[in-house]
Amino acid sequence: MASFQTLPGFRECYPEDLALRSHLFRRWRQAAGVFGFAEYDAPVLEPLDLYRAKSGSEIEAQLFSFTDKGGREVALRPEMTPTVCRLVGARANTLRRPIKWFSIGEFFRYERMQKGRGRCFHQFNADIFGEAGPEAEIELIALLVQCFAAFGLTADDFYIRLSDRNLWFYYLEALGLDEPRARTVLTVVDRYEKNGDAAFTAYTDAFGPLPEDLKARILAFLGVKSLPALEAMLAPLGAEKLAARLAEWRQVLTALDAMGWGSFVTVDLGVVRGLAYYTGFVFEAFDRRGDLRALAGGGRYDNLVKKLGGPDLPAVGFAIGDMTFSLLLEQRGLLPPLVSAPDVYCVIGGAAERLMAFREIHALRAAGVRVEYPLRDLAFGKQFKAAAESGARLALILGGDELARGVVKVRNLGQRSEVEVPRDAVVAHVRDFLAGNG
RNA sequence: GCGGCCAUAGCUCAGUUGGUUAGAGCACAAGAUUGUGGAUCUUGGGGUCGCGGGUUCAAAUCCCGUUGGCCGCCCCA
């Protein structure tokens, strides 16, 4: 046993683990690609102030931060949003709008391990900058659903809870609450699902008891699960802002419905998302069974680019984490068999034949065929066993008899049949076979 | 930062009231097998029983500490 342990919360990634992760990345990348998002990357290590500026100094407790040899306070990135805001902000004037970007990267948070949460993890991040209207939300939520559907997940497996901080503020304003009170109500809402009535102490402590009729109307708002119910509840209030905002809700939901994805999205004002920089629609993706933590989360953050020193640029984005997502795929049996098999395994007669075999091996590899061969001389029996165990579909038999006649045998390992092929025709033969059975 | 449970081979786990040199299955490797298959048989490598201390004639086993893991709380960008 090695005397050096992995750091707590960090995970080693053996080939089979990486095969799974790469599979996720491949599908996400493909989804982003067809939606016209451009991939970017950025440093893993950032100035600590970047996160202080966005989230306040209490965030430091959750960061891997230290002082580097130049005396700079730095932190391993815990999220992508501040970074991408800086990138976009710096070139905002030259980038064609809308700016649709995505990335896949590793993030670090100094936290206690839990199911679906570690100290390092990967996220798929997608953001749209420069579009203030709900069209950006439509595009982004559509991409989010696509990122899940690409794995065979259906509306029976997950759903997206769509909420809106603006609607909350307009509603609470119509109920007569000022902004400080409204903000506190939102923190209550954020915790209500977990803590129940106890969540209201946050409000009581700051402003005294909340009148019962107000509390009832807040809870009724929380209970809304559909657009018609939402409209019915808000219509009597008659506020202009509410009516305008409801039109945007209709726009988002009818668009997603038109894509055939209406069943994935639920109106759910219980989602407000902890940090206060979200400025409009917010959404989270959850497992339908409800035994996993959030699968993805996002929302609009129109003030953040400017707050981080860039121009005034509206933005909306989301992130999917790999850990909970992997758990979901595993639970639903949607992990593909991530076998890593060669196309062709070479069975080689001996030392002299090995030298000759390198011609075929190289030619096949140059043609893009995945070829394996035993690195040491082995008895034929062993080699056939190795060929079978490798998962290859073809064995190339390069024995003394064959090579002396200028041919090799190509054995179909599945059907246990063999044909002799002239050496010059091997590449074409193998390629045809693989294409034909592809 | 707090709480509960746990720690024996690469993996899954046995291991008696404390008792000789700590075991099995799977996996891996070699041979049987010098030109045709995933089988079988034989054999082998692999362990500071997480680590440190204590009790004892004797500790994987009991006690204390510590590290790590799992699960939850806080938090969740």
Side-chain angles (χ1 to χ4, degrees), chain A residues 1-12 14-16 46 50-56 58-63 75-85 107-119 121 123 125 127 187 190-191 193-195 198 271-278 282 284 291 293-299 301 304 308 317-319 321 323-324 341 345-351 353 376-404 408-418:
Chain A
M1 190 84 64
S3 52
F4 294 107
Q5 292 187 333
T6 317
L7 253 18
F10 286 77
R11 298 266 176 168
E12 256 127 7
Y14 283 85
E16 57 271 28
E46 291 277 16
L50 183 63
Y51 305 110
R52 283 206 190 105
K54 181 195 160 217
S55 309
E58 63 279 5
I59 198 75
E60 281 182 59
Q62 316 278 10
L63 291 177
L76 290 169
R77 62 185 181 193
E79 60 168 324
M80 194 54 115
T81 307
T83 300
V84 70
C85 284
F107 300 89
F108 305 86
R109 296 178 187 176
Y110 198 90
E111 295 185 291
R112 196 75 173 156
M113 293 275 294
Q114 265 175 73
K115 189 176 185 181
R117 193 169 87 175
R119 286 184 170 182
F121 54 93
Q123 274 188 350
N125 274 263
D127 297 90
T187 59
D190 192 30
R191 293 180 189 165
E193 195 164 315
K194 180 167 279 185
N195 299 341
V271 172
V272 293
R273 296 187 63 75
L275 259 55
Y277 67 81
Y278 284 108
V282 290
E284 292 187 340
D291 45 48
R293 59 178 61 242
L295 292 154
Y301 50 98
L304 197 56
L308 293 173
F318 73 84
M323 292 183 78
T324 304
Y345 193 96
C346 292
V347 173
I348 298 169
E353 290 81 9
R376 287 181 309 161
D377 288 340
L378 288 176
F380 266 70
K382 284 267 190 237
Q383 294 192 58
F384 279 103
K385 191 173 167 180
E389 286 174 344
S390 76
R393 286 150 67 190
L394 294 178
L396 219 58
I397 302 165
L398 299 130
D401 299 344
E402 291 86 353
L403 290 172
V408 299
K409 278 185 188 153
V410 178
R411 183 174 178 84
N412 181 326
L413 288 165
Q415 298 178 358
R416 297 175 179 244
S417 61
E418 283 177 10

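Numbers restart at 1 for each chain; the letters A, B, ... are given by sequence-line order, proteins then strands.
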Report the distance from atom [atom1] of [X] to atom [atom2] of [N], rounded to the nearest whole Å.
| X | N | atom1 | atom2 | value |
| --- | --- | --- | --- | --- |
| A/Asn412 | B/G37 | CG | P | 15 Å |
| A/Lys382 | B/A32 | NZ | C1' | 9 Å |
| A/Glu111 | B/G72 | CD | C1' | 14 Å |
| A/Met323 | B/C71 | CE | C1' | 14 Å |
| A/Met113 | B/G1 | CE | P | 15 Å |
| A/Gln114 | B/G69 | CD | P | 13 Å |
| A/Arg191 | B/C74 | CZ | P | 9 Å |
| A/Leu394 | B/G37 | CG | C1' | 15 Å |

What interatomic distance, in whole Å, is found between [atom1] of [M] and the corresponding atom of [N]?
| N | M | atom1 | value |
| --- | --- | --- | --- |
| B/C28 | B/G45 | C1' | 9 Å |
| B/C63 | B/C71 | C1' | 26 Å |
| B/G18 | B/U56 | C1' | 9 Å |
| B/G65 | B/A24 | P | 36 Å |
| B/U61 | B/A7 | P | 12 Å |

What nucleotide among [options] has an atom nearest to a side-chain atom of [X]?
| X | options | result |
| --- | --- | --- |
| A/Lys385 | B/C73, B/G38, B/A77 | B/G38 |
| A/Lys115 | B/G72, B/C75, B/G37 | B/G72 |
| A/Ile397 | B/A30, B/G35, B/G3 | B/G35 |
| A/Lys409 | B/G35, B/C73, B/C76 | B/G35 |
| A/Arg293 | B/C76, B/G37, B/A77 | B/C76 |

Can you tell me the pairing partner of [N] across any strand shown, Watson-Crick or G-U wobble, with both distances under 3.5 angstrom?
| N | result |
| --- | --- |
| B/G31 | B/C41 |
| B/C75 | none |
| B/U66 | B/G50 |

5' precedence on RNA chain B between A/Ser417 and A/Ala379 (nearest-nucleotide basis) =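 Whichever sits nearer the 5' end wins; that is A/Ala379.
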
Using OP1 and OP2 only, check whether a side-chain N or O of [X] sits under 4.0 Å from [N].
| X | N | value |
| --- | --- | --- |
| A/Arg52 | B/A77 | no |
| A/Lys194 | B/C75 | no |
| A/Arg416 | B/U36 | no |

Please confirm whether any donor atom in the side chain of [X] sits under 3.5 Å from an acceptor in the base of [N], or the reverse.
| X | N | answer |
| --- | --- | --- |
| A/Arg109 | B/A77 | yes |
| A/Glu418 | B/U36 | yes |
| A/Arg117 | B/C76 | yes |
| A/Arg411 | B/G37 | yes |

A/Phe380 ring over B/G35 six-membered base ring, under 5.5 Å and 30° =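 One would call A/Phe380 stacked on the B/G35 base.
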
Under 3.5 Å: donor-acceptor pair, side chain of A/Arg119, backbone of A/Glu111 | yes

Could you tell me whether A/Pro8 contacts a base, only the sugar-phosphate backbone, or nothing, with contacts defined as non-hydrogen atoms closer than 4.0 Å?
-> sugar-phosphate

Would you mind classifying the nucleic acid contact of A/Gly116 as base, sugar-phosphate or nothing, using non-hydrogen atoms under 4.0 angstrom?
-> nothing

